[in-house]
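Before any comments, here is the structure.
The structure presented is a predicted model; accordingly, all values stated were derived computationally and were not measured.
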Amino acid sequence: MLPPFSVVIPCFNEQARIGNTLDVTLNYLAANAPTSELIVVNDGSSDATGAIARKILAQTKVATRLLENFPNRGKGAAVRTGLLAATKPIGLFSDADLSTPIEETPKLIEPIANGEVDIAFGSRALDRSLIGIHQPWRREQGGRVFNLLVRIATSLPFWDTQCGFKAFRLDVGRPILEAARLDGFAFDVELLFLADRAGLRIREVPVRWNHAEGSKVSFFRDSVRMLREVIALRQGMTASQPSKRA
C-alpha cells in the first residue's frame, strides 16, 4: 500500500477519454492507496468533460473533488489549482490521457515518502526502451531538441522536463507553486527551475510511456511559445534572484 497522496488530473475538452481515465485512476487508488484523493481540474472545457467527471466522481468511495477553471486558463494554471487544493502530504499530477500508466506511481511517490527527494518526475528520455507507442517521428525529434534547448537556457540537468507525470512534497513545494506564473505548456520548466534554484532535491525517473492521439499541443505554435517562455524565464530569474544552491 502507498502512503496517502493527492492525484491531480487537469483536463480540457477530454470527453472522449476522461471517463476511462477516471475509472482507471479510481480503481488504482482504491486498491493501492484508499486514503488518497483525486482532484480533477476542468480547465474551461466546452464539451461534456465536466458532466462526465462529475457523474463518475459521485459514484466512488475514494475522496474526490472537481474544480472548475472558467474560462480556460491553460494547463499550468490547472495543475497549480489542483496541487494547491491538495490536502495530502504528496501531490502528483498526471495527464488526462494516462500516457504514463498510473501503475508507475510508486516510482515517484516512494522516494518522496522515504525522504529521499522533494520532487520526482517521470522521464521518457532516460530509458527509451520503456516507451511502448512512440510519438510521430517529427514530434519526438522536436521534443528532444526542445529539451536540449531547455538544458542550455536554464542549466537544468534534466533530459525530459515535459513528461506529464510529476510528484511534489507539498510542504516545501507549495511556495514554488505559489510563485509560478506560467499558465501554458512551459509551466513544467518553470516549476523545476524554481525548485532547483530553491535547493529542493529533484529526481528524474524513467517511466513507461505510450503516445496517445488527441494531444492539445500544436507542434509548431506551442513549441515556439514554450521556447519564448523558457528564455524569458531564464532572463527574468537571472536578473532578479540569485541561486540558493550551494
Side-chain angles (χ1 to χ4, degrees), residues 1-109 112-113 120-122 163-170 173-174 177-178 183 185 187-188 191 207-210 212-216:
M1 301 294 274
L2 292 170
F5 64 99
S6 300
V7 180
V8 173
I9 298 180
C11 49
F12 172 65
N13 289 347
E14 295 285 1
Q15 66 177 12
R17 57 187 166 202
I18 193 63
N20 180 69
T21 292
L22 296 184
D23 284 340
V24 169
T25 303
L26 288 168
N27 288 338
Y28 180 83
L29 292 178
N32 297 279
T35 58
S36 294
E37 66 177 348
L38 172 60
I39 300 172
V40 179
V41 184
N42 180 23
D43 189 29
S45 296
S46 58
D47 63 5
T49 296
I52 295 170
R54 190 173 295 106
K55 180 178 179 180
I56 293 174
L57 298 185
Q59 298 172 349
T60 180
K61 294 182 179 180
V62 175
T64 64
R65 274 179 288 169
L66 174 62
L67 306 180
E68 305 273 5
N69 277 358
F70 284 107
N72 173 268
R73 293 175 54 197
K75 183 180 177 183
V79 168
R80 290 198 304 273
T81 295
L83 289 176
L84 288 173
T87 64
K88 305 301 180 181
I90 300 172
L92 176 146
F93 79 81
S94 171
D95 284 347
D97 59 13
L98 293 183
S99 290
T100 301
I102 195 67
E103 290 80 9
E104 297 290 89
T105 294
K107 293 182 179 180
L108 306 191
I109 297 297
I112 298 176
F121 67 97
C163 180
F165 199 65
K166 294 180 173 66
F168 301 78
R169 184 182 139 209
L170 289 176
R174 194 171 297 275
L177 294 164
E178 292 172 342
D183 291 339
F185 290 107
F187 80 96
D188 307 70
L191 291 179
V207 293
R208 291 186 293 137
W209 191 87
N210 293 287
E213 293 295 337
S215 172
K216 301 300 188 299

In plain terms, say whether Asp95 and Lys75 are close enough for a salt bridge, that is, a side-chain N and a carboxylate O under 4.0 Å apart. yes
Answer whether the closest heavy-atom distance between the side chains of Ser94 and Thr100 falls below 4.5 Å. no
Hey, mind stepping through Leu84 and Glu178 against side-chain contact (heavy atoms from CB on, under 4.5 Å) and telling me if it holds? CA-CA 8 Å; Leu84 288 173; Glu178 292 172 342; 3.8 Å; yes
Would you indicate whether the side-chain heavy atoms of Phe168 and Ile112 approach each other to under 4.5 Å? no
Output for pair (Leu177 CG, Leu170 CG), nearest 0.5 Å, gives 7.0 Å
Under 3.5 Å, is there a donor-acceptor pair between the side chain of Asp183 and the main chain of Gly76? no
Is it the case that Thr87 and Glu37 place a side-chain donor and acceptor less than 3.5 Å from each other? yes
Are the side chain of Asp43 and the backbone of Asn72 linked by a donor-acceptor contact shorter than 3.5 Å? no
Could you tell me the separation between the CD atom of Glu104 and the CG atom of Leu98, rounded to the nearest 0.5 Å? 11.5 Å
Taking every heavy atom of Thr35 against every heavy atom of Pro4, the minimum-distance pair comes out as OG1-CG, 3.3 Å
Smallest separation among heavy atoms of Ala78 and Pro10, with atom names: CB-CB, 3.8 Å
All heavy atoms of Ile18 vs all of Thr49, minimum pair found to be CG2-O, 4.2 Å
The reported gap from CZ in Arg17 to CD in Glu213 (rounded to nearest 0.5 angstrom) is 9.0 Å
Which atom of Leu92 lies closest to which atom of Leu83, heavy atoms considered: N-CD2, 4.1 Å
So which of Phe165, Phe187, Phe121 actually passes ring pair (Phe, Tyr, Trp, His ring centres under 6.0 Å) with Phe93? Phe187
Looking at Ala48 and Gln15, what are the two nearest heavy atoms and their distance? N-OE1, 3.0 Å
Counting only N and O atoms by type, is there a donor-acceptor contact under 3.5 Å from the side chain of Ser45 to the main-chain atoms of Asp47? no
Measure the spacing between CZ of Arg73 and OG1 of Thr81 and express it to the nearest 0.5 Å. 4.5 Å
Residue pair Tyr28 / Val7, side-chain heavy-atom distance below 4.5 Å: no
Whether the side chain of Ser36 engages the backbone of Ser6 through a donor-acceptor N/O pair (distance < 3.5 Å, no angle test) should be reported. no
For the backbone of Ala96 and the side chain of Thr21, can you confirm whether one donor and one acceptor N or O come within less than 3.5 Å of each other? yes
Is there a donor-acceptor pair under 3.5 Å between the side chain of Thr60 and the backbone N or O of Leu57? no
Residues Asn13 and Ser46: closest non-hydrogen pair is OD1-N, 2.7 Å
When rounded to the nearest 0.5 angstrom, what is the spacing between CD1 in Ile102 and CG in Leu29? 6.5 Å
Thinking salt bridges, do Glu68 and Arg54 make one under a 4.0 Å N-O criterion? yes
Paired with Ile56, the side chain to side chain contact (heavy atoms under 4.5 Å, CB included) test is passed by just one of Leu66, Asp23, Thr64, namely Asp23
At what distance, to the nearest 0.5 angstrom, does CD1 of Ile9 lie from OG1 of Thr25? 4.0 Å
